[in-house]
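Here the structure comes first, spelled out in structure tokens, and everything after it is commentary.
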Amino acid sequence: MTSSMTGFSCTEVQEGWGSLVWEVRSVNHRYLEPHFRLPEQVRDIEPAIRETIKKNLKRGKVECRLKLQMAESEQSITLNPTMLDKLADALVQIETVFPDSTGINPMDIMSWPGVQVTEETNLEPVKNSALSAFKAAVEQLTAMRRREGIELERFILVRMDNISEQVSALRSVLPTILQTQRERLLSRLDDVKQSLDADRLEQEMVILAQKLDVEEELDRLDTHIREVKRTFSGSSHAVGRRLDFLMQELNREANTLSSKSIDAGLTQTAVSIKVLIEQAREQVQNIQ
């Protein structure tokens with residue numbers, strides 16, 4: 001299924017420990033280039049979410065941002081008795097040396113390093129929720145990219161059908177165009193052809209016909225169009241680079257067709273084909 005490279009998704013989780021929000025957006029890029037903005041508390045989940053990106057996306061610049069809000073802790077104040085004993089011994093020694101020292105403020109004791117014991121928050125539930133929410137966000141992003149990819153595929157295939165119509169119409173009138181050019185050339189040579197060798201004149205006409213022959217270009221246009229359709233019908237999700245190459249080949253044949261133009265109608269057809277190819281090429285740049 002064809003996928004675009006542009007998309008956005010957002011997932012949110014509310015739990016007892018707090019809340020988190022994932023924002024994932026992607027834009028066009030030649031390769032897969034993920035960027036992560038994570039809070040320090042859960043920085044170690046980056047390898048896991050990077051692997052999730054690689055499994056689901058093939059191309060695009062992907063920006064992943066996690067907003068984490070932890071709930072306010074309701075833990076009671078816990079003091080370190082060992083540190084309190086050490087401070088008490090130190091205060092006794094100080095009072096022995098400085099008997100006139102003023103009393104100690106209990107708040108100063110509590111602020112001393114190591115007196116208060118802070119229980120570490122268990123971040124495993126937070127990390128697990130973050131990983132699950134990220135997978136959901138990537139699934140949303142992938143679904144959006146596929147929906148847009150379907151529209152891009154439809155747009156490009158319509159242009160390919162339009163080019164096929166132009167090629168078919170040109171094939172039907174090409175013999176008439178060549179005959180008209182032959183008669184026009186003979187008319188111009190009418191005044192001097194008596195002095196020209198008949199065989200030589202016929203050879204020149206054959207050479208001219210070969211130079212003006214665009215059947216090969218028309219055949220290649222048809223071949224490339226069939227290949228574009230075959231690429232879309234394949235099983236691979238990453239078809240953007242192949243389609244970009246085919247657009248280049250289509251444009252090459254259209255340019256050759258234009259350079260061989262011998263008729264205003266053929267010139268107009270070549271221009272129309274080039275416009276259709278350019279419209280398709282612009283949309284191919286958005287395909288994964």
Non-hydrogen side-chain atoms of Arg65 and Lys67 separated by less than 4.5 Å: yes
Is the Lys NZ or Arg CZ of Arg159 less than 6.0 Å from the centre of Phe155's six-membered ring, within 45° of the axis? yes
Between Asn28 and Lys61, do the side chains contain a donor N or O and an acceptor N or O under 3.5 Å apart? no
Do Trp22 and Val13 belong together in a cluster built from hydrophobic side chains that touch within less than 4.5 Å? yes
Ser26/Arg145 under side chain to side chain donor-acceptor pair (under 3.5 Å): CA gap, chis, key distance, verdict: CA-CA 9 Å; Ser26 66; Arg145 286 167 50 130; 3.1 Å; yes
Neighbour count >12 (heavy atoms, 6.0 Å) for atom CD, Gln69: no
Within the supplied structure, the quantity of interest is the number of heavy atoms (other residues, nucleotides, ligands) at a distance under 6.0 Å from Lys135 NZ; does it exceed 12? no
In plain terms, say whether Glu216 and Arg220 are close enough for a salt bridge, that is, a side-chain N and a carboxylate O under 4.0 Å apart. yes
The test is side-chain contact (heavy atoms from CB on, under 4.5 Å); show your working for His224 and Ile277 and say whether it passes. CA-CA 11 Å; His224 295 327; Ile277 293 172; over 6 Å; no
Between the side chains of Lys229 and Glu227, is the shortest nitrogen-to-carboxylate-oxygen separation below 4.0 Å, so that they form an ion pair? no
Hydrophobic cluster identity match, Ile287 and Leu57, side-chain contacts under 4.5 Å: no
Would you say the side chain of Phe134 lies within less than 4.5 Å of the side chain of Ile53, judging by non-hydrogen atoms? yes
Charged N to carboxylate O below 4.0 Å: is that the case for Arg154 and Glu151? yes
Contacts of Lys58 meeting salt bridge (Lys or Arg N to Asp or Glu O under 4.0 Å) (sequence neighbours excluded), chain-then-number -> none
Is a side-chain N or O of Ser129 found less than 3.5 angstrom from the main chain of Val126, in a donor-acceptor match? no
Output, in order, the C-alpha distance, side-chain angles, deciding distance and verdict of salt bridge (Lys or Arg N to Asp or Glu O under 4.0 Å) for Arg146 and Glu148. CA-CA 5 Å; Arg146 286 178 178 172; Glu148 185 172 331; over 6 Å; no
Mind checking whether Leu141 and Leu152 sit in one hydrophobic cluster, side chains of I, L, V, M, F, W, Y counted as touching below 4.5 Å? no
Looking at every non-hydrogen atom in both residues, tell me the closest pair between Glu23 and Cys10 and how far apart they are. CG-SG, 4.2 Å
Check: Arg242 side chain, Val228 main-chain N or O, donor-acceptor pair, under 3.5 Å: no
Is the closest side-chain donor-acceptor distance between Glu12 and Gln14 under 3.5 Å? yes
Any donor-acceptor N/O pair, Asn255 side chain to Asn251 backbone, under 3.5 Å: yes
Ala254 to Ile273 - nearest heavy-atom pair and separation: CB-CG2, 4.1 Å
Does the side-chain contact (heavy atoms from CB on, under 4.5 Å) test come out yes or no for Gln166 and Leu170, once each step is laid out? CA-CA 6 Å; Gln166 296 275 4; Leu170 186 55; over 6 Å; no
Roughly how far, to the nearest 0.5 Å, is the CG atom of Leu157 from the CD atom of Glu153? 5.0 Å
From CD (Glu253) to CG (Asp222), nearest 0.5 Å: 11.0 Å
Joint cluster assignment, Val27 & Met144, ILVMFWY side-chain distance < 4.5 Å: no
Counting N and O atoms only, with roles assigned by atom type, does the side chain of Thr256 sit under 3.5 Å from a partner on the main chain of Arg252, one being a donor and the other an acceptor? yes
Starting from Leu243, can I reach Met5 by hopping between I/L/V/M/F/W/Y residues whose side chains sit under 4.5 Å apart? no
Quick one, Arg43 with Glu40, criterion salt bridge (Lys or Arg N to Asp or Glu O under 4.0 Å). Give me CA distance, side-chain angles, the key distance, then yes/no. CA-CA 5 Å; Arg43 175 66 63 181; Glu40 286 301 322; 3.7 Å; yes
Got a donor-acceptor contact below 3.5 angstrom from the Asn128 side chain to the Glu124 backbone? yes
State the CD-SG distance between Glu46 and Cys64, to the nearest 0.5 angstrom. 9.5 Å
CD1 of Ile150 to OG1 of Thr2, rounded to nearest 0.5 Å, is 8.0 Å
Yes or no on side-chain contact (heavy atoms from CB on, under 4.5 Å) for Leu250 and Arg281, after CA distance, side-chain angles and deciding distance? CA-CA 10 Å; Leu250 282 166; Arg281 189 195 66 81; over 6 Å; no
When every non-hydrogen atom of Asp244 is compared with those of Val284, the smallest separation belongs to N-CG1, 3.5 Å
At their closest point, which heavy atom of Ala137 faces which heavy atom of Val24, and how far apart are they? CB-CG2, 3.9 Å
Over all atoms of both residues, closest heavy-atom pair of Pro39 and Leu66: CD-O, 3.5 Å
Side-chain donor/acceptor of Ser168 to backbone N/O of Ser164, under 3.5 Å: no
Side chain proximity check, Thr11 to Gln140, heavy atoms < 4.5 angstrom: yes
Which side-chain N or O atoms in residues 30-37 pair as donor and acceptor under 3.5 Å with protein atoms at least two apart or in another chain?
unit_1	atom_1	unit_2	atom_2	d
Glu33	OE1	His29	NE2	3.1
Glu33	OE2	His35	NE2	2.8

Can you find a heavy atom in the side chain of Met160 that is under 4.5 Å from one in the side chain of Leu246? no
Mind checking the CD-OG1 spacing from Gln288 to Thr6? Nearest 0.5 Å is all I need. 11.0 Å
With a 4.5 Å limit on heavy-atom distance, are the side chains of Met70 and Leu123 in contact? yes
About how many Å separate CG of Asn162 and CD1 of Ile225, when rounded to the nearest 0.5 Å? 9.5 Å
Of the non-hydrogen atoms in Asp44 and Gln41, which two are nearest, and what is the gap between them? OD1-O, 4.4 Å
Considering only heavy atoms from C-beta outward, does the side chain of Val167 approach that of Glu165 to under 4.5 Å? no
Thr269 side chain reached by Lys274 side chain, heavy atoms, under 4.5 Å: no
Determine, step by step, whether Leu84 and Asn80 satisfy the side-chain contact (heavy atoms from CB on, under 4.5 Å) criterion, reporting the C-alpha distance in whole Å, the side-chain angles of both residues, the deciding distance to 0.1 Å, and the verdict. CA-CA 6 Å; Leu84 287 175; Asn80 185 344; 5.9 Å; no
